[in-house]
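Only one structure is covered here, and it is reproduced in the block below.
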Amino acid sequence: MENTETEKRPLDFIRQIIAGDLSSGKHEQSVTRFPPEPNGFLHIGHAKSICLNFGVAVENGGICNLRFDDTNPSKEDIAYVDSIKEDVKWLGFDWGKQVHYASDYFDKLYELAILLIKKNKAFVCELSPEQMREYRGTLTTPGKDSPYRNRSVAENLEMFEAMKKGDFAEGSHVLRAKIDMASPNLNLRDPIIYRILKATHHRTGDQWQIYPMYDYTHCLSDMLEGVTHSLCTLEFQDHRPLYNWVLETLETPCHPRQIEFSRLNLTYTVMSKRKLLQMVEGNYVSGWDDPRMLTLSGLRRRGYTPASIRNFCATIGIGKSDSRISMGVLENEIRSDLNVHAERRMCVLDPVKVIIDNYPDDLIEEVVGKNHPQNPDKGVRSLPFSKELYIERNDFMEEPPKKYHRLGPDREVRLRYGYLVQYVSHVKDESSGEILEIHCTYDPESKGGSAPDGRKVKGTIHWVSAAKGLPVTINMYDRLFKVEDPEADKDIDFLDQLNPDSQVVLSHAIAEPSLAEMKPGDNIQFERQGYFCLDTVAPTKDGKLVFNRTVTLRDSWEKRK
RNA sequence: UGGGGCGUCGCCAAGCGGUAAGGCACCGGGUUUUGAUCCCGGCAUUCGUAGGUUCGAUCCCUGCCGCCCCAGCCA
């Protein structure tokens with residue numbers, strides 16, 4: 001008992017509040033919601049919110065609705081709702097019987113707006129956008145009342161009806177809440193709650209000419225769904241008084257509590273949908289699902305697993321301070337998941353030929369490799385071994401430093417699961433300095449890689465048979481930006497800080513033949529290189545399999561150099 | 001210069017008046033046919049800062065400093 005208690009991660013402040021409301025009897029069940037606007041793809045920042053909202057439901061036996069906040073038809077699209085549903089499902093969460101839409105509540109919202117007018121708490125305003133800005137005042141000076149603020153209830157009702165019917169031009173009239181133009185909180189200076197938009201909505205078509213604004217819609221949607229805790233990000237803190245005003249003024253039977261937490265930022269990337277859209281539209285990336293994008297679809301294609309993302313969200317926690325998490329934390333989560341689940345294979349990324357002089361010319365032997373070093377249940381596979389092989393170009397050095405324990409003049413190394421080989425000579429192109437081939441002899445007694453006499457061979461390198469190897473293409477992905485915070489300097493366009501080497505295509509890589517059996521999306525570790533997955537969008541190109549590098553292995557050798 | 005927030009180890013983050021959890025990173029050491037994994041050990045006399053209250057403060061109060069958000073008919 002005590003052990004499980006102390007080993008558990010302490011509850012974050014939001015879960016503490018919810019646990020308190022449940023134990024005090026304020027609520028019998030928690031109801032949360034994940035409310036994306038269908039105007040872009042979900043990214044890792046949304047995953048934090050999804051894991052929080054759906055996580056709370058799972059942990060407390062509560063409910064979490066998936067609700068599309070679709071109140072702005074000019075920016076939204078059905079394609080986005082489809083991708084969002086797919087991503088939430090992929091992450092491992094279940095929204096139950098139905099998906100909710102703010103647009104489902106348009107009728108109800110309209111009725112409530114009429115009620116607001118009848119309570120003399122809303123009015124139709126004809127100020128132009130420019131005038132509206134002037135009347136709003138500034139951060140330090142109060143605004144002034146709109147000249148239309150004291151229209152009669154009857155006239156407001158009539159004009160709002162006319163707005164709905166489409167009698168007015170877009171931008172000419174709005175419905176405003178009547179609160180306080182002198183409020184130090186700008187959100188309370190008679191905020192607009194309905195505007196005219198002559199756009200076709202992806203669900204309601206041309207049924208409406210007026211659309212409710214976020215502040216008015218969100219709290220009422222929460223209320224209508226019986227949400228108990230409405231969790232959102234910090235920038236909405238100033239909106240909370242308005243959220244509460246609407247519910248109080250309308251005297252709604254249910255009043256959800258809005259609680260804010262800080263949004264996720266990661267080093268070497270940007271998180272706003274607007275900027276991601278900009279990269280997509282400007283062709284800086286191949287699309288929303290480009291493996292370098294921190295969108296869920298990009299991460300999925302990169303080879304990240306749902307569990308790794310859920311674990312990431314759990315380890316960063318929920319708080320209220322502005323933060324920027326190192327990309328290394330995310331990478332660590334996928335490494336630890338894949339270390340356990342991904343089978344191992346060998347693939348030479350940048351090949352250089354090795355010829356084993358004393359090996360029979362036409363012999364091809366089969367050697368046995370473990371699919372996982374720590375998990376025998378993953379089984380074994382056989383690997384063809386032949387006279388000519390490929391090894392990694394950087395696994396040979398003409399003048400190796402002391403600590404380098406790979407191949408070099410007079411050195412012996414182990415070809416993993418193969419044989420121990422001894423360097424004999426090498427051939428190089430004198431003009432370019434490129435190593436053309438390396439000659440070795442093998443110890444026939446060392447099959448499998450063990451030294452018959454127990455001699456110590458420090459280096460073990462991977463290899464692929466030249467005769468049986470499978471040519472593949474590899475996308476080597478790296479961080480998208482050159483700097484930790486691409487948005488830090490306001491004078492520099494974030495697009496100018498893109499990392500030009502974020503994608504390097506290796507078209508001469510050679511993999512062991514068993515890779516031919518892989519299916520798109522399969523995760524694999526190429527020993528000594530990293531984790532890769534067979535691309536899902538274009539698994540083959542020019543007849544060759546295409547692998548995406550998810551993340552490198554930790555490399556303490558590379559680090560000490 | 002108005003209002004709303006935030007400030008605990010390099011990065012996150014517990015702590016809720018009784019004398020600084022944990023993770024990542026980092027540094028040592030061990031095992032290892034992946035320089036991977038795994039294992040062991042180290043890593044804040046100090047909680048933005050200055051005062052105050054208290055037997056006792058990271059936790060309460062006050063001032064100061066720093067950072068973030070707000071003037072869309074976006075969400």
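Chain naming here is simple, since letters A, B, ... match the order of the sequence lines and numbering starts at 1 in each. What you see below is based on every heavy atom in this structure, not just the backbone, and it leaves out hydrogens, waters and symmetry mates.
In this structure, the CD atom of A:Q258 is 12 Å from the P atom of B:G5, given to the nearest Å. Regarding A:I316, its CD1 atom lies at a distance of 12 Å from the P atom of B:A14, rounded to whole Å. As rounded to whole Å, 16 Å separates atom C1' of B:G72 from atom CD1 of A:I193.
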Starting from the C-alpha separation in whole Å, work towards a yes-or-no answer on side chain to side chain contact (heavy atoms under 4.5 Å, CB included) for A:I334 and A:I309. CA-CA 8 Å; A:I334 187 59; A:I309 293 171; over 6 Å; no

When you look at A:E37 and A:N39, which way does the side-chain hydrogen bond (donor to acceptor under 3.5 Å, both in side chains) test go after all the steps? CA-CA 6 Å; A:E37 181 189 13; A:N39 67 343; 2.8 Å; yes

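Base engagement by A:L127 is indicated by at least one non-hydrogen atom pair under 4.0 Å involving a base atom. When heavy atoms are screened at a 4.0 angstrom cut-off, A:G171 is found touching base atoms of the nucleic acid. In this structure, A:Q16 reaches the bases: a heavy-atom distance under 4.0 Å links it to at least one base atom across the strands shown. At the heavy-atom level, A:S74 lies nowhere under 4.0 Å from the strands shown. Heavy atoms of A:M213 sit under 4.0 angstrom from primed sugar atoms or phosphate atoms, though from no base atom.
Ring orientation note: the planes of A:F481 and A:F494 are tilted relative to one another, at an angle of 30° to 60°. Using cut-offs of 30° and 60° on the angle between ring planes, the pair A:W288 and A:F41 is parallel.
As rounded to the nearest Å, B:C59 and B:C6 have P atoms that lie 15 Å from one another. The same atom, P, is picked in B:U31 and in B:A25; the two are 22 Å apart, to the nearest Å. Here the separation of B:U33 from B:U37, taken at their P atoms, is 16 Å to the nearest Å. For the C1' atoms, the distance linking B:A13 with B:C70 amounts to 28 Å, nearest Å. Between the P atoms of B:A14 and B:A50, the separation comes to 25 Å (whole Å). When the C1' atom is compared between B:C69 and B:U53, the two are found 33 Å apart, to the nearest whole Å. With P as the reference atom, B:C11 and B:G4 are 29 Å apart, rounded to whole Å. For the C1' atoms, the distance linking B:U58 with B:G15 amounts to 8 Å, nearest Å.
In this structure, B:G52 is classed as anti because its glycosidic torsion departs from zero by more than 90°.
A:R335 contributes atom CZ, which lies 12.0 Å from atom OG of A:S308 (distance to the nearest 0.5 angstrom). The CD1 atom of A:I356 lies 3.5 Å from the CZ atom of A:F385; values are rounded to the nearest 0.5 Å.
For the OP1/OP2 pair of B:A75 and a distance below 4.0 Å, the side-chain nitrogens and oxygens of A:R67 include no atom meeting the criterion. Contact annotation: A:R176 side-chain N/O to B:C73 OP1/OP2 distance is not under 4.0 Å. At the phosphate of B:G72, OP1 or OP2 sits under 4.0 Å from a side-chain N or O atom of A:R136. Distances shown here put every side-chain N or O of A:Q209 at or beyond 4.0 Å from the OP1 or OP2 atom of B:C73. For A:S262 and B:G5, the shortest distance from a side-chain N or O to OP1 or OP2 is not below 4.0 Å. At B:G4, none of the side-chain N or O atoms of A:R240 fall inside 4.0 Å of OP1 or OP2 (strictly under the cut-off).
The aromatic ring centroids of A:Y214 and A:F236 lie less than 6.0 Å from each other. Residues A:Y442 and A:Y419 bring their aromatic ring centres within 6.0 Å. Note: A:F106 and A:H201 meet the aromatic proximity criterion, with ring centroids under 6.0 Å apart.
Under 4.0 Å is where a charged nitrogen must lie from a carboxylate oxygen, and between A:E343 and A:R345 at least one such pair does. Using a cutoff of 4.0 Å between basic side-chain nitrogens and carboxylate oxygens, A:R528 and A:D555 are not scored as salt-bridged.
Pairing for B:A36 is absent, judged as Watson-Crick or G-U wobble with the two contacts each under 3.5 Å. Pairing partner, B:A57: none, since no Watson-Crick or wobble contact has both distances short of 3.5 Å. The partner of B:G66 is B:C6, by the rule that a Watson-Crick or G-U pair needs both atom distances under 3.5 Å.
The listed nucleotides are B:A14, B:C12, B:C73; the one nearest the side chain of A:P10 is B:A14.
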Dump every N/O contact between nucleotides 66-70 of chain B and the protein below 3.5 Å, one line per pair.
residue : atom : partner : partner atom : Å
B:C68   : O4'  : A:D322  : OD2          : 3.3

Under 4.0 Å protein heavy-atom contacts per nucleotide of nucleotides 24-39 of chain B, with B for base, S for backbone only and - for none: SSS------BBBBB--

